[in-house]
Amino acid sequence: MSLTLTGLAATAALAVFAGWRGARPPDFQRGPRMVPWRPLMAASATAFLIFLVHLVNLLGITTGQTSP
């Protein structure tokens, strides 16, 4: 449980930071950005959702399909 909560916090922080960095206007004097902030934001937001579903499953709520 604690590892899942840590993963949630880390991916949320990374998504917010990468979203902030990706939304900044480009600075042409410094050259191109070497870190792709927008794809990094999307990947960390996806990881956040996976951690969130895992946390919900740990709490006993069934997600997904159930067989009859």
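Heads up: numbering here begins at 1 and tracks the sequence. Quick caveat, the model's predicted, so the values are computed rather than measured.
Among residues at least two apart or in separate chains, ring pair (Phe, Tyr, Trp, His ring centres under 6.0 Å) pairs with a member in residues 22-41 are Phe17-Trp37.
Nearest heavy-atom pair, Thr11 versus Ser44, reported as atom, atom and distance to 0.1 Å: CB-O, 3.7 Å. In plain terms, the two heavy atoms of Pro36 and Pro39 that are nearest each other are O-CD, 3.4 Å. Nearest approach of Ala45 to Ala15, heavy atoms of both residues: N-CB, 4.2 Å.
Asn57 places none of its side-chain heavy atoms less than 4.5 Å from the side chain of Thr62. Side-chain contact check for Met41 versus Val16: every heavy-atom pair is 4.5 Å or farther apart. Put simply, the side chain of His54 does not reach to within 4.5 Å of the side chain of Met1, judged on heavy atoms.
To the nearest 0.5 Å, atom CG of residue Leu3 and atom CG of residue Leu58 are 10.0 Å apart. Here the CZ-CG distance, from Phe48 to Leu14, works out to 12.0 Å after rounding to the nearest 0.5 Å.
No chain of hydrophobic side-chain contacts below 4.5 Å, direct or via other Ile, Leu, Val, Met, Phe, Trp or Tyr residues, connects Leu55 to Ile50. Both Leu5 and Phe51 sit in one connected hydrophobic cluster of ILVMFWY residues. Membership requires side-chain heavy atoms under 4.5 Å apart, directly or through other members.
Other residues, nucleotides and ligands contribute more than 12 heavy atoms inside 6.0 Å of the CZ atom of Arg21. Around the CG atom of Leu59, the shell of radius 6.0 Å holds more than 12 heavy atoms that belong to other residues, nucleotides or ligands.
Its side chain within the 4.5 Å cluster rule, Ile61 clusters with Val56 among the Ile, Leu, Val, Met, Phe, Trp and Tyr residues.
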